[in-house]
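First comes the structure, then the notes that go with it.
The sequence lines fix the lettering, A, B, ..., with proteins before strands; numbering per chain opens at 1. Please read these numbers as outputs of a predicted model, since none were measured by experiment.
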Amino acid sequence: MKLKQISIFLENKEGRLKKAISILSQNNINIRALSIADTSEFGILRLIVPEPEKAQKKLEENNFVVKVNEVIAVEVPDQPGGLDSILSILYDSQINVEYLYAFVEKNEDKAIVVIKTENIDEGIAALEKSNINIMSAEDVNKL
Amino acid sequence: MIWNKEAECMSNGEKEELQLKLLKEVVKRAYENVPYYKNRFDKLNIKPEDIKTLKDIEKLPFTTKTDLRDSYPFGMFAVPEEEIIEVHTSSGTTGKPTVSGYTQKDLEIWGEVMGRALTMAGAGKKDKIQNCYGYGLFTGGLGVHYGTQTIGATVIPISAGNTQRQIEIMQDFQTSIITCTPSYALYLAEVLEKNGVDIKDLNLKAGVFGAEMWTEEMRKAIEDRLGLSALNIYGLTEIIGPGVAQECEIKNGLHIFEDHFYPEIIDPKTQETLGEGEKGELVLTTLTRDGMPILRFRTKDITGLQKEKCDCGRTQVRMDRITGRTDDMLKIRGVIVFPSQIEKALLKIEGLHPQYQIIVTRPKHLDELEVQVEASPTLFSDEVKHVEEVKKMIESYIHSEIGLRVNISLVEPESLPRSEGKAVRVIDKRNFD
């Protein structure tokens, strides 16, 4: 199951991250997971939110460039080797990871890893074959 | 449609005969009534009678913007001040403005040439012309206005600015022709799209765009997004305002109204007259103006002239689209670059908004060129490497156009200044002291 992620273009300028986050806050959009890719000239803010389309609309109304794309979210045990097991599966299947980020669940001993593989479908197939639980949007929003 | 067939389609023989007669008259008028010209002629030992052929115009001195500034405000008038019934000035962005004074007859000439220009764009009595050029000292607004009055079209004198109102009027009045700068036309398209207005619900058929340089690619973008035929108009305050030349539906150069304005092309360095088709600086002489005759004005605009008859039936010479100005020509590491070249490259890239700004710096004795363009969903991606690839792609498009490496900066949408008049494309931060 693929999960929708929104990515926001941030010009390397004072207050842009704050502005983007404020828009989400004003619209009552709760951020489930977040990562920032930064270069010397610009940044990419990636977010998992319950209603990606709404978030996109609100941000675009405020002149942000937003892209919605799909990523994979998996649950791993919150213990040493948890992430390694996932990466091993992808490595063994020769699937390239573009980026990933992780967050820890509050009430369980689990961590959620958001992964963007070069080919999302192949990534999902490889993980499913190894009985890894791929999270749906619903699962993530319940957290 | 041709407004004045007799003038616009006359044979070359007739035209040259008329031009010579008018040239002799205007040179005499300038010499006898404008102290500036008398002094210049006397110093060079030239007399109005020395003009025996059209080619003899080359004996005359050039008039530059500096000369006009030195005569600020009214020193170039050739008639008593009470005969001047209107004045306009240039924007004065590069110093003191230059003044243009018009007699009743001069305004009639202006109305006539602008009437021809609007007719070339397909305007007739039934058209509603939304004139988004600024009304005021700037010649754009009133120049177009007088043209609409000449041909009996309906003018909507909305002037520049207030884009939401422009769009409302455009919808409610079913405007058929708009007149503005090409960059404002693109901005209008942007706002129309943002407001969700379908161009099919508008009645636009043509646009008369001028007062700044633009490219063929920009024409295509405007035509696609506004659903009209985009035509180029040329003019300058010092000569009359808009209406010196206008593009016809063939879109292969702008017809200069040669029975009023005599064009030459010179090499800006050697000041020698160049032949047909050769690119150089446009030099204009007013043949008919009474209030302020100007001889051999150096426009600083770079173009070439095409003399063969146009498919539209007009015989008046065509000037090419202006490709640069001798003064906004940038010299980057010794290479000549015009902003229009960068614009041309940018417009080849799908999904890129043709709003841009060029920033020139010299951090360590070496010129750096930064081109800022606005990010858009088609250029953006969740992956850094894709965004970097897009930047490289833009760089390579510009490189193939100008032969120089530039740095591309992506900026947020609508963060580059939109102008309702002339767009500021270049910021030169180099210190030449």
Side-chain angles (χ1 to χ4, degrees), chain A residues 2-20 23 33-49 52-53 55-57 59-73 96-101 114-120, chain B residues 163-164 186-187 189-196 346 349-359 361 363 368-395 398 405-418 427:
Chain A
K2 296 168 196 168
L3 186 66
K4 280 193 174 149
Q5 169 192 263
I6 64 169
S7 304
I8 303 150
F9 172 77
L10 295 178
E11 199 182 321
N12 194 356
K13 213 164 62 176
E14 222 173 284
R16 298 315 290 165
L17 174 61
K18 166 93 176 65
K19 176 90 198 286
I23 290 162
L34 158 160
S35 94
I36 295 179
D38 65 316
T39 73
S40 58
E41 286 161 5
F42 63 92
I44 301 173
L45 171 63
R46 306 184 187 114
L47 301 169
I48 306 291
V49 294
E53 283 80 14
Q56 178 182 23
K57 189 165 164 272
L59 287 161
E60 283 179 345
E61 282 170 9
N62 284 279
N63 278 332
F64 279 96
V65 176
V66 181
K67 201 116 192 179
V68 175
N69 67 299
E70 287 165 332
V71 289
I72 311 168
N96 287 327
V97 173
E98 297 291 352
Y99 56 81
L100 63 78
Y101 49 103
V114 176
I115 309 170
K116 169 81 183 279
T117 53
E118 209 169 45
N119 184 315
I120 297 280
Chain B
T163 306
Q164 290 300 340
L186 271 183
Y187 180 60
E190 211 176 292
V191 180
L192 278 167
E193 283 156 23
K194 216 172 166 182
N195 289 6
L346 293 178
I349 302 163
E350 190 122 353
L352 189 88
H353 278 299
Q355 298 288 356
Y356 63 95
Q357 201 154 44
I358 300 164
I359 295 165
T361 53
E368 296 273 348
L369 204 58
E370 178 192 347
V371 179
Q372 295 185 335
V373 298
E374 291 181 353
S376 67
T378 36
L379 300 180
F380 182 55
S381 152
D382 60 314
E383 290 179 33
V384 174
K385 81 175 177 202
H386 286 163
V387 181
E388 297 286 2
E389 278 164 16
V390 164
K391 284 174 58 174
K392 283 212 184 74
M393 183 229 357
I394 301 173
E395 267 163 36
I398 294 178
R405 291 263 159 235
V406 301
N407 303 316
I408 299 296
S409 299
L410 289 180
V411 298
E412 281 169 15
E414 298 188 28
S415 63
L416 293 178
R418 302 300 199 262
I427 297 174

Between chain A and chain B, which donor-acceptor atom pairs come closer than 3.5 Å, counting both backbone and side-chain atoms?
{"from": "B:Pro377", "atom 1": "O", "to": "A:Lys67", "atom 2": "NZ", "distance (Å)": "2.7"}
{"from": "B:Phe380", "atom 1": "O", "to": "A:Lys67", "atom 2": "NZ", "distance (Å)": "3.1"}
{"from": "B:Asp382", "atom 1": "O", "to": "A:Arg46", "atom 2": "NE", "distance (Å)": "2.9"}
{"from": "B:Asp382", "atom 1": "O", "to": "A:Arg46", "atom 2": "NH2", "distance (Å)": "2.9"}
{"from": "B:Asp382", "atom 1": "OD1", "to": "A:Lys116", "atom 2": "NZ", "distance (Å)": "3.4"}
{"from": "B:Asp382", "atom 1": "OD2", "to": "A:Asn69", "atom 2": "ND2", "distance (Å)": "2.9"}
{"from": "B:Asp382", "atom 1": "OD2", "to": "A:Tyr99", "atom 2": "OH", "distance (Å)": "2.4"}
{"from": "B:Asp382", "atom 1": "OD2", "to": "A:Lys116", "atom 2": "NZ", "distance (Å)": "2.9"}
{"from": "B:Glu383", "atom 1": "OE2", "to": "A:Lys116", "atom 2": "NZ", "distance (Å)": "2.8"}
{"from": "B:Lys385", "atom 1": "NZ", "to": "A:Glu98", "atom 2": "OE1", "distance (Å)": "3.1"}
{"from": "B:Lys385", "atom 1": "NZ", "to": "A:Glu98", "atom 2": "OE2", "distance (Å)": "3.2"}
{"from": "B:Lys391", "atom 1": "NZ", "to": "A:Glu41", "atom 2": "OE1", "distance (Å)": "2.0"}
{"from": "B:Glu412", "atom 1": "N", "to": "A:Glu11", "atom 2": "OE1", "distance (Å)": "2.7"}
{"from": "B:Glu412", "atom 1": "OE1", "to": "A:Arg16", "atom 2": "NE", "distance (Å)": "2.6"}
{"from": "B:Glu412", "atom 1": "OE1", "to": "A:Arg16", "atom 2": "NH2", "distance (Å)": "2.4"}
{"from": "B:Glu412", "atom 1": "OE2", "to": "A:Glu11", "atom 2": "N", "distance (Å)": "3.0"}
{"from": "B:Glu412", "atom 1": "OE2", "to": "A:Arg16", "atom 2": "NE", "distance (Å)": "3.0"}

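Of the two parts of A:Ile8, only the backbone, made up of N, CA, C and O, holds a non-hydrogen atom closer than 4.5 Å to a non-hydrogen atom of chain B.
Nearest heavy atoms, B:Phe380 versus A:Val65: CB-CG1, 3.6 Å.
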